[in-house]
Amino acid sequence: MSSSADVAQERRAPARASFDGLRLENLTKSFGAFTAVDDLDLDVPRGSFFALLGPSGCGKTTTLRMVAGLETPTSGGITLAGQDITYAKPYKRPVNTVFQNYALFPHLDIYENVAFGLKRRKAGNVDAQVKEMLSLVELDSQTRKRPAQLSGGQQQRVALARALINKPEVLLLDEPLGALDLKLRRNMQIELKRIQTEVGLTFIHVTHDQEEAMTMADTVAVMNAGVIEQMGAPEELYENPRTTFVANFLGQSNLIEGTIKGRSGDLVTVDMHGIDVSVPAARSHADGDKGWIGIRPEKVLIGDPGEQLDAPGNSVPGGVVSDVSFVGVSTQYLVRMPWGQELQVFAQNTGHRRIYRSGEQVDLSWRPDYAFLLDASQDARAGAQEGTD
Amino acid sequence: MASTAGTAPVTTAPASDDSSRRRGLTGYVLLVPGVVWLALFFVIPFYSLVATSLYDPGGSVFSGYEMSYQFSNYWHAIQDYWEPLLRSLWYAGLATLICLVLGYVLAYAIAFKAGRWKNLMLVLVIAPFFTSFLVRTLSWKLILADGGLIVNSLQAVHLLGPDGRLLATPFAVICGIVYNFLPFMVLPLFASIDKIDHRLIEASSDLYANPFVGFWKVTWPLSLPGVVSGTLLTFIPAAGDYINAQLLGSPNQRMVGNVIQNLFTQANDYPAAGALSMILMILIVAMVLFYVRRAGTEELL
Ligand SMILES: Nc1ncnc2c1ncn2[C@@H]1O[C@H](COP(=O)(O)OP(=O)(O)OP(=O)(O)O)[C@@H](O)[C@H]1O
Ligand SMILES: [Mg+2]
């Protein structure tokens, strides 16, 4: 991925020696002929909450395992606070993991599971620390139970407590909230975020859940097939995706084929099936003369034909509503365009505008600042299935 | 998906009166063959053994025995044969310990390191059973024979004196016992170790346990069920064994099994033989109960 390599290059150049976070350089892991993690470059600043987001099988767990020392990289390096830990033994790294499958010790009770790391390091004051940690995860009444006697969600909280109590420099969380119900999940998200800010640890949080990644993390990296597609602040990733995969995986996007007519100053003009639309140059990531014009469904305005919509921007006439679903806070339309494509439109139910019915003629419009332009060489449907389920 | 160690509580599903009664009946019917078998081949012989051990020692096989509740038979047996009795426990204990060390390493290697050779290696562990116990023990006699390769080599490097020997020593007897009972140790150990989730060992190393500590805190406790059953399966038959002492030892290595066999078949002293058998059994049962208790609570810690 040229774009992500560029980003990494830019980031790395100035702060080569002084970087005190976790840095992965050209990290590659192959299992036989299959490359699970492919030439990965990643900088995780110290004390940040970093989310690694991606579809199943894209190499998230493998990446974490290399950081934890449970998997030896095929090539590349890992440094933590300037120290090379690529080949350090797992028990010598200041890194702890909340495993995807919990991996709680079945022969030890909850208390002993949580105390395990402290005891190995001969830490003092174990009892008080364990009690405090168990009350933090709301398990103080279950301390003498065995893991097998707990529910999935409780086991997950034990796994979290067992890793967190060690206050490692980097905490790796491999889908730590997957088994929790929605309410507990939200509580734990808030709790995790609070703990992270309080103790200032670096968290690397792997998740399938894009909402979780975006609400919790300072930086989100979207991973696909062993490479980082894009990395940045959640808003930046959502508002200005660089690849079709990111555009589809994070939320939903309308991607419309277009031919680039010209670039002037900070605007790119694109011919979209006979209509000229413009895209800010900073949001254009297409090199050739073709591109995908992207616009988020909630940024698209819908109105009667000929109506002056409030956005003085790209106006696209000639749509026909083909599907309407009312979801309360908003109405989701599918609008068939003259060139045959169906676009998604989410309209807020503010009460200012009426709800259109299937078959009605409508005009669409959006502000040029919200559109983005992606390279035409990519598959417009990449990441769409994974992102929506 | 944490694997569960130890026993899971058994819950019985509530059922309607009728079907539960029928199920109860079925259970009893299924028990019948086992109960008959046990009655014929355990309860009756056991009763007769207890009875024999209390006969009047004045009688003989030819003139018949009188039942006179001679509890002194036990006392006399201990007085006369405490040496082979203790030796049996000592040899069996030592052999069990050696089996445990050898067997654990072997079972661990088969479970975790053998990869696609796992099944082949398991077959090789069982392979000695394809020939008779006696033949295999006799071949140890050849291996350890005076003037044999091993004795000669040991003499050449002066680990053994010029007229030192291996045969007819405790070493030979214990070697024989270890060899003969090793599979009984390896198989239960393998079954336990193979079940251990490798990710738990990874988790321990993630939590600052070096491989040594990780072994003692995770692998070893999780393999305890195999250790307990393996040591029992080795120790109990080894303590009563007489073939190894007879073929590889001398009268100085006589074990209690040899004494009992001799009393029953040569000396025809049934009461003493019966009393000694009972003593051995009581000792083993007591030791096993104590051991299982200890191991059981240890596992809970
Ligand atoms: N030990 C291994 N041997 C062979 N292939 C492996 C091994 N471990 C992982 N893989 C492969 O590497 C790829 C990435 O696996 P990984 O577990 O990192 O995925 P993931 O992103 O964590 O997925 P999920 O979200 O489902 O947990 C998968 O295709 C997997 O089959
Ligand atoms: Mg995973």
Side-chain angles (χ1 to χ4, degrees), chain A residues 61 64-65 67-71 88-123 144-152 154-156 158-159 161-166 168 170-172 174 179, chain B residues 1-11 104 108 111-113 115-116 188-189 191-230 292-301:
Chain A
T61 299
L64 290 197
R65 285 173 61 80
V67 175
L70 301 172
E71 206 86 70
K89 297 263 183 279
Y91 55 91
K92 292 198 173 142
R93 301 183 187 209
V95 173
N96 287 112
T97 312
V98 180
F99 291 92
Q100 193 165 11
N101 48 48
Y102 321 144
L104 299 177
F105 303 123
H107 59 295
L108 300 178
D109 63 23
I110 302 317
Y111 181 97
E112 290 297 329
N113 262 286
V114 174
F116 195 92
L118 290 183
K119 287 193 172 171
R120 298 293 83 74
R121 287 187 305 165
K122 315 246 178 318
R144 289 298 163 195
K145 280 192 181 170
R146 299 287 186 92
Q149 297 165 305
L150 299 184
S151 73
Q154 289 171 329
Q155 291 182 21
Q156 208 160 41
V158 177
R162 187 179 70 170
L164 204 52
I165 197 169
N166 301 296
V170 179
L171 185 72
L172 307 174
D174 199 347
Chain B
M1 245 196 358
S3 63
T4 54
T7 52
V10 179
T11 51
Y104 204 100
Y108 187 94
F112 285 158
K113 310 284 177 197
R116 60 205 181 91
L189 276 177
S192 258
I193 297 174
D194 194 44
K195 264 195 301 199
I196 297 176
D197 187 345
H198 200 75
R199 294 173 296 194
L200 294 175
I201 300 166
E202 286 183 349
S204 78
S205 75
D206 188 63
L207 291 164
Y208 312 103
N210 62 38
F212 186 76
V213 175
F215 174 81
W216 281 113
K217 293 292 175 188
V218 178
T219 315
W220 174 258
L222 288 176
S223 64
L224 268 187
V227 172
V228 171
S229 47
V292 170
R293 276 267 171 88
R294 275 297 304 276
T297 49
E298 216 165 78
E299 197 206 348
L300 287 172
L301 286 177

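Sequence lines set the chain letters: A, B, ... in the order given, protein chains first and strands last, and positions in each chain run from 1.
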Identify each donor-acceptor pair in which a side-chain atom of residues 200-207 of chain B lies under 3.5 Å from a protein atom, sequence neighbours left out, and give them as a table.
residue, atom, partner, partner atom, Å
B/E202, OE1, A/R65, NH1, 2.8
B/E202, OE2, A/R65, NH2, 2.9
B/S204, OG, B/I201, O, 2.8
B/S205, OG, B/E202, O, 2.9
B/D206, OD1, A/T97, OG1, 3.1
B/D206, OD2, A/T97, N, 2.7
B/D206, OD2, A/T97, OG1, 3.4

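A donor-acceptor contact shorter than 3.5 Å links the side chain of A/H107 to the backbone of B/K217.
Looking at B/V218, the atoms closer than 4.5 Å to chain A (heavy atoms on both sides) sit in the backbone and in the side chain alike.
Put simply, of B/P211, B/G214, B/A209, the one with the most heavy-atom pairs under 4.5 Å next to chain A is B/A209.
Under the side chain to side chain contact (heavy atoms under 4.5 Å, CB included) criterion, A/K89 pairs with A/Y91, A/K92, sequence neighbours left out.
The minimum heavy-atom distance between B/R199 and A/A103, with the atom names listed, is O-CB, 4.0 Å.
The side-chain heavy atoms of A/N96 and B/Y208, taken from C-beta on, include a pair separated by under 4.5 Å.
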